[in-house]
Amino acid sequence: MLYDFLIVGLSIGILYGLVALGISLIYSGLDIVHFAHGEIFMFGAFFGLVLYDEAGFNYPITLFVAMILAGIMGVIIERVFYRRLTSQGGGYTVAGMGMIICGFGMAIILQNIAFLIWGANGRPMHVNFGMPVELGTITLPQSYVWILVVSVALMAVLHLFLKHTKLGLAIRAVAANKDIAYLMGVNVPLMISLIFGVACALAAAGGVLIAPINYVQVEMGYLMLIKAFAAAVVGGFGSLPGAILGGLMVGVFETLGAAYISGSHKDIYAFLLLIFVLMVRPTGLLGVAAKVKA
Amino acid sequence: MLALKGVEAGYGKLKILRGIDMTVPDGAIIALLGGNGTGKSTLLKAISGLLPVWSGEILFDGEPIHNKRPHEIVRAGLVQVTQGKDSYPGMTVEENLMLGAFSRSDRAGVRADLEKVYGFFPILKERRKQLSGLLSGGQVQMLVVGRGLMAKPKMIMLDEPSAALAPKVVLDIFKQINRISRDLGMTILVVEQNVRMALLLASYGYVIHDGKIHLEGDAKDMIDDDAVRLAYLGGTVAEVESPALHR
Ligand SMILES: Nc1ncnc2c1ncn2[C@@H]1O[C@H](COP(=O)(O)OP(=O)(O)OP(=O)(O)O)[C@@H](O)[C@H]1O
Ligand SMILES: [Mg+2]
């Protein structure tokens, strides 16, 4: 039983990690905390629903196209709405405060748009993955296999991209110091769009991956945001490996808590973990106090 | 190579540069001198596009660049090495250098230039796999100069390469700057508070004061005639004999 719970916890956790990864990526690249990221996740899930259930694409293509769509959506949102504020300086400045409010506003707008298009009722995504996989004593539904495999693959690709490509190097440079990156000939505004697009695509992947096991509904972004947020803080805000580690910990912790302590308080465990970690290590597990980013 | 005419710029509403005229001929080393807070770095930022130019014009290779964005100016062949030795401490030495070559796509040329930079600064080759945050101040200065060269610029602007370094290290770095100018035919604009060192290196000097060019002339004459006045303007005069630099 424990192993089943562990693997479910890891699957859910890696999704938190995926969304948290986007939040951390945006934070390190743009110096803002993106409060509408849960809604991007929600839109990703709806894109998946439309593409799979209505347009009839197969699951991998659905996943891919939903990520692209959410990426484009993110780039547009960043260009049209956020750019004016972030170009005044993000982070802790007055413009940064405006950015936080702007993010909340965007979350509400996106929820309402989703409500207008898809209505208030939750819908499942009817994916037939076939028989569960037997791993020794564990029986694992294939949807969880997809979650684990796709998430790990996306994280690996992101890692290779950031560490071993020229563009990835430029993104890390932009995250660490924009003026110097500019002076290296990097088109900084373009890289910022790219960062935002990639972060939104990751959130959308999370949405499409969770859609077969959870109802897709307009409010799903909110809970995901706070869990992913908890994950990012537990791991150390702005740290990419930290976001993944934090996500896994939150997922496992809440699944075990729900299984062995009380199922009706499932959503509390993430925050108990958060408070505990912050008491022991205020910078988060892999966080650094000074802002030596990316 | 570079010509400024009546350049004005500043921060917000605060005007710092109040009409700068300056020329940097092909292949020359030109010194830009001046005390603390007189606008030297501001001028470099305006040239490299980090700050908008309010009025006046900047021509690079005959083309106006005062409306261009920083990465476009780098592509045009003009690179700035900032004050304060900003490397990327979380990246390795070699990653820093490769970042300098971001605007290029000629892989073979980049490889060759990497070896050239290692030739100028062998210590960087020794430490190429280490995080640049672990380098000493002098080594970081070498790294940021080398990183600038990796863009294969026609002209490079150096902002106070001697700042906060021991005299022996300064001499070492200035020797390499001299070699870079000679071997690569590089045009160089060097901003300095170390007046004497800069004038030994350069052929012509400008002194900026209060956002205006206060004084200009041949470096030789400036050393002889104006050392005291230059020092008075806020510069420091290092005790280094001239033959040491050109050896
Ligand atoms: N980001 C900024 N915002 C507002 N004012 C600034 C900013 N940066 C510099 N200044 C002001 O502009 C003036 C010129 O600064 P600048 O950095 O160009 O001086 P500098 O000649 O490079 O001096 P130093 O030798 O100390 O580097 C100074 O009075 C400084 O206070
Ligand atoms: Mg300066």
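A note on names: the letters A, B, ... follow the listed sequences, proteins ahead of strands, and every chain is numbered from 1. What you see below is based on every heavy atom in this structure, not just the backbone, and it leaves out hydrogens, waters and symmetry mates.
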Roughly how far, to the nearest 0.5 Å, is the NE2 atom of B:His71 from the OH atom of A:Tyr182?
-> 6.5 Å
Is chain A contacted by the side chain of B:Phe102, its backbone, both, or neither, given a heavy-atom distance below 4.5 Å?
-> both
Run the ring-centre check on A:Phe229 versus A:Phe237 and record whether the distance is less than 6.0 Å.
-> yes
Please state whether the rings of A:His34 and A:Tyr82 are parallel, tilted or perpendicular, taking 30° and 60° as the class boundaries.
-> perpendicular
Out of B:Arg104, B:Met150, B:Glu95, B:Arg75, which one racks up the most heavy-atom pairs below 4.5 Å with chain A?
-> B:Glu95
Which atoms of B:Arg69 come close to chain A, meaning under 4.5 Å heavy atom to heavy atom: side chain ones, backbone ones, both, or neither?
-> side chain
Go through the atoms of B:Leu50 and report whether side chain, backbone, both or neither lie under 4.5 Å from a heavy atom of chain A.
-> side chain
Are any of the side-chain nitrogens in B:Lys15 or B:Glu8 under 4.0 Å away from the carboxylate oxygens of its partner?
-> yes
State whether B:Glu94 and B:Lys125 are salt-bridged, where the test is any N-O pair (Lys NZ or Arg NE/NH1/NH2 against Asp/Glu carboxylate O) under 4.0 Å.
-> no
Check whether B:Met98 gets within reach of chain A through its side chain, its backbone, both or neither, counting any heavy atom under 4.5 Å.
-> both
